[in-house]
Amino acid sequence: MQLLYIDPGTGSMLFTVLIGIIGAGIYSLRMLFIKLRYKLGGKVEALDKKIPFVIFSDDKRYWNIFEPICKRLSSYGKEILYITGSPDDPALSCEFENFSAEYLEGNKLYTRLNFIEANIVFSTTPGLEVYQWKRSRNVDFYVHIPHAASDIVLYRMFGIDYYDAIMLSGDYQAKDIRDLEKMRNLPEKELIKVGIPYMDEMAKRFENHGSVIEHPRTVLLAPSWGPSALLKVYGEKIIEVLLKTGYHIIIRPHPQSFTSEKEMIDELMKKYPDSEQLEWNRDTDNFEVLLKSDILISDFSGVIFDFSLVYDKPVIYTDPKFDVSVYDAWWLDRELWTVSALERLGTQLTDENIENLKELIDNCIGDSSFADGRRSVKEETWAYCGEGADRAAEYLIKKYEALEGK
């Protein structure tokens, strides 16, 4: 049986080769069919028609990124096809005009994407042309939008190299992309500063919500995932210290933790089950849990910026100097923008002060200087507040028209 084992890397490579062979065959047959139809006097325009906009989301949690953009884009009267990797993606029940959605999984998903015919493919998923997801020869243009207001070089290596355009929220992201392009001898991408559409929508919800009901002091523990993430580094210790504060504790692991770190999460949830003082949160929409929390403890997760910039609340963060060896940031010989931002947003949690976490929480909530820090960070990373979806949709339409020669 051991002879039948194929390691994941080799499996991915073989899948890519197979997809390439199938793709070349399908493309050749398609061209042959079109030529035959043409010689016989048949119409070939319908065969060659492309979908104006294809949106790819590998997980349902990114619907908040695309929803406001889809809403604006649908009003232009062009077809939008939304492809998702989640069977319960809210997009599947969306009723926007000119909008349809389909769910696919596994190899079916990537086969569909690798052969899709579209003018523009729009996605927040990195790794185009790096892993299973390949550029289709029948797509004119690929556009990426980040799913967090932080360094764009915190993707795994080469994550955005093969996109044609990137939507940005701040100027610092543009410099990092340009530097990587020079290092790797890549053609310059189109860089469009649009802001952060999903945070615009979150801010509107927050403004319209009204006052928050009175509640006990609540601490939200919401880490990222991976070897440098908060739960992996501190594990049970930080939960024990938090329980000693007497405050209400909400633990919201990164969704990927339930897959990649399942054993660790299962053990923690078993040892520290839901109780009057502690709750585990897995809501797809994080609006309510951020609303009712008074302070956030996290690491390098993008939720830090949602919490501090939208809800105007302080954070406690772990050492941001994590191992960048697998990220694009490794190529840049400078401090991450996120590091400088965190220092302005809150207080750092260390091995030395973790036992004094209650004092850190109280001081951080009471420190008015962090309000100035939040304002400066917001200016740097959240351009065109309230205009993000309109700017993104307008760019996509203009690009479509340019590709069509209009």
Side-chain angles (χ1 to χ4, degrees), residues 150 212 214-254 257 261 264-265 267-281 286 289-323 335-336 338-377:
S150 57
V212 181
E214 188 175 343
H215 61 278
R217 177 158 287 181
T218 300
V219 180
L220 173 62
L221 184 68
S224 187
W225 68 281
S228 300
L230 190 152
L231 276 180
K232 198 72 172 180
V233 173
Y234 289 108
E236 297 180 12
K237 182 176 183 179
I238 192 165
I239 299 176
E240 291 284 357
V241 174
L242 282 171
L243 290 173
K244 290 177 183 177
T245 66
Y247 298 144
H248 186 70
I249 309 302
I250 303 174
I251 306 177
R252 181 181 168 84
H254 191 281
S257 290
E261 302 169 326
M264 177 190 72
I265 296 297
E267 289 179 1
L268 290 175
M269 292 183 73
K270 182 177 180 180
K271 185 167 184 177
Y272 302 98
D274 284 313
S275 65
E276 187 174 338
Q277 186 186 3
L278 183 146
E279 62 177 290
W280 292 83
N281 180 275
N286 66 2
V289 72
L290 297 182
L291 181 69
K292 66 182 181 181
S293 300
D294 299 299
I295 191 167
L296 168 70
I297 301 177
S298 190
D299 37 47
F300 46 89
S301 172
V303 72
I304 283 180
F305 298 100
D306 299 350
F307 189 79
S308 58
L309 304 186
V310 174
Y311 296 86
D312 199 27
K313 298 175 185 178
V315 300
I316 292 175
Y317 60 92
T318 56
D319 185 358
K321 296 179 179 63
F322 61 98
D323 181 14
E335 184 179 71
L336 289 166
T338 299
V339 174
S340 69
L342 290 176
E343 294 170 350
R344 290 173 279 168
L345 297 176
T347 300
Q348 183 177 335
L349 179 69
T350 65
D351 292 337
E352 289 72 32
N353 64 19
I354 190 171
E355 294 295 343
N356 300 320
L357 189 50
K358 184 178 187 300
E359 183 179 351
L360 287 180
I361 291 169
D362 295 342
N363 291 341
C364 201
I365 291 176
D367 192 339
S368 60
S369 67
F370 291 128
D372 293 331
R374 292 193 289 272
R375 280 191 290 270
S376 68
V377 170

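Numbers here simply count residues along the sequence, with the first being 1.
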Taking side chain to side chain donor-acceptor pair (under 3.5 Å) as the definition, give me every residue that meets it alongside [X], ordered by chain and number, with sequence neighbours left out.
X: Ser301; value: none
X: Asn363; value: none
X: Gln277; value: none
X: Ser275; value: none

Partner set under side chain to side chain contact (heavy atoms under 4.5 Å, CB included) for [X], not counting sequence neighbours:
X: Asp367; answer: Ser369, Phe370
X: Arg375; answer: Ala371, Asp372
X: Ser368; answer: none

Can you give me every donor-acceptor pair (side chain of residues 232-242, partner residue at least two apart or in another chain, under 3.5 Å) with its distance?
unit_1, atom_1, unit_2, atom_2, d
Tyr234, OH, Asp351, OD1, 3.2
Glu236, OE1, Lys271, NZ, 2.7
Glu240, OE2, Tyr272, OH, 2.6

Among Leu296, Leu349, Leu230, the one residue meeting side chain to side chain contact (heavy atoms under 4.5 Å, CB included) with Ile316
Leu349
Take Leu357 and Ile297 through the test side-chain contact (heavy atoms from CB on, under 4.5 Å) and record every step on the way to the result.
CA-CA 10 Å; Leu357 189 50; Ile297 301 177; 4.1 Å; yes
About how many Å separate [atom2] of [Y] and [atom1] of [X], when rounded to the nearest 0.5 Å?
X: Asn286; Y: Leu291; atom1: CG; atom2: CG; value: 10.5 Å
X: Leu345; Y: Ser298; atom1: CG; atom2: OG; value: 11.5 Å
X: Ile361; Y: Thr347; atom1: CD1; atom2: OG1; value: 10.5 Å
X: Ile251; Y: Leu278; atom1: CD1; atom2: CG; value: 4.5 Å

Would you say the side chain of His254 lies within less than 4.5 Å of the side chain of Leu231, judging by non-hydrogen atoms?
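They are not in contact (no side-chain heavy atoms under 4.5 Å apart), so the answer is no.
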Quick check: does any side chain N or O of [X] sit under 3.5 Å from a backbone N or O of [Y], one acting as donor and the other as acceptor?
X: Lys358; Y: Tyr247; value: no
X: Ser376; Y: Gly373; value: yes
X: Asn353; Y: Gln348; value: yes
X: Asn281; Y: Ile250; value: no

With sequence neighbours excluded, what pairs up with Phe307 under the ring-ring contact (aromatic ring centres under 6.0 Å, His included) test?
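Phe307: no ring-ring contact (aromatic ring centres under 6.0 Å, His included) contacts found.
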Indicate the atoms forming the closest heavy-atom contact of Gly346 with Tyr317, along with that distance.
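Closest heavy-atom pair between Gly346 and Tyr317: O-CE2, 3.6 Å.
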Between Cys364 and Ile295, what is the shortest heavy-atom contact and its length?
CB-CD1, 3.8 Å
Under the salt bridge (Lys or Arg N to Asp or Glu O under 4.0 Å) definition, can you give me all pairs with a residue in residues 241-250, not counting sequence neighbours?
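Residue pairs passing salt bridge (Lys or Arg N to Asp or Glu O under 4.0 Å), neighbours aside: none found.
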Could you pull out all donor-acceptor pairs under 3.5 Å where a side-chain atom in residues 217-227 meets a protein atom, sequence neighbours excluded?
unit_1, atom_1, unit_2, atom_2, d
Arg217, NH1, Asp362, OD1, 2.9
Thr218, OG1, Pro216, O, 2.8

Pairs touching residues 302-312 that satisfy side-chain hydrogen bond (donor to acceptor under 3.5 Å, both in side chains), sequence neighbours left out:
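Pairs touching residues 302-312 that pass the test: Tyr198-Asp306, Asp312-Arg374.
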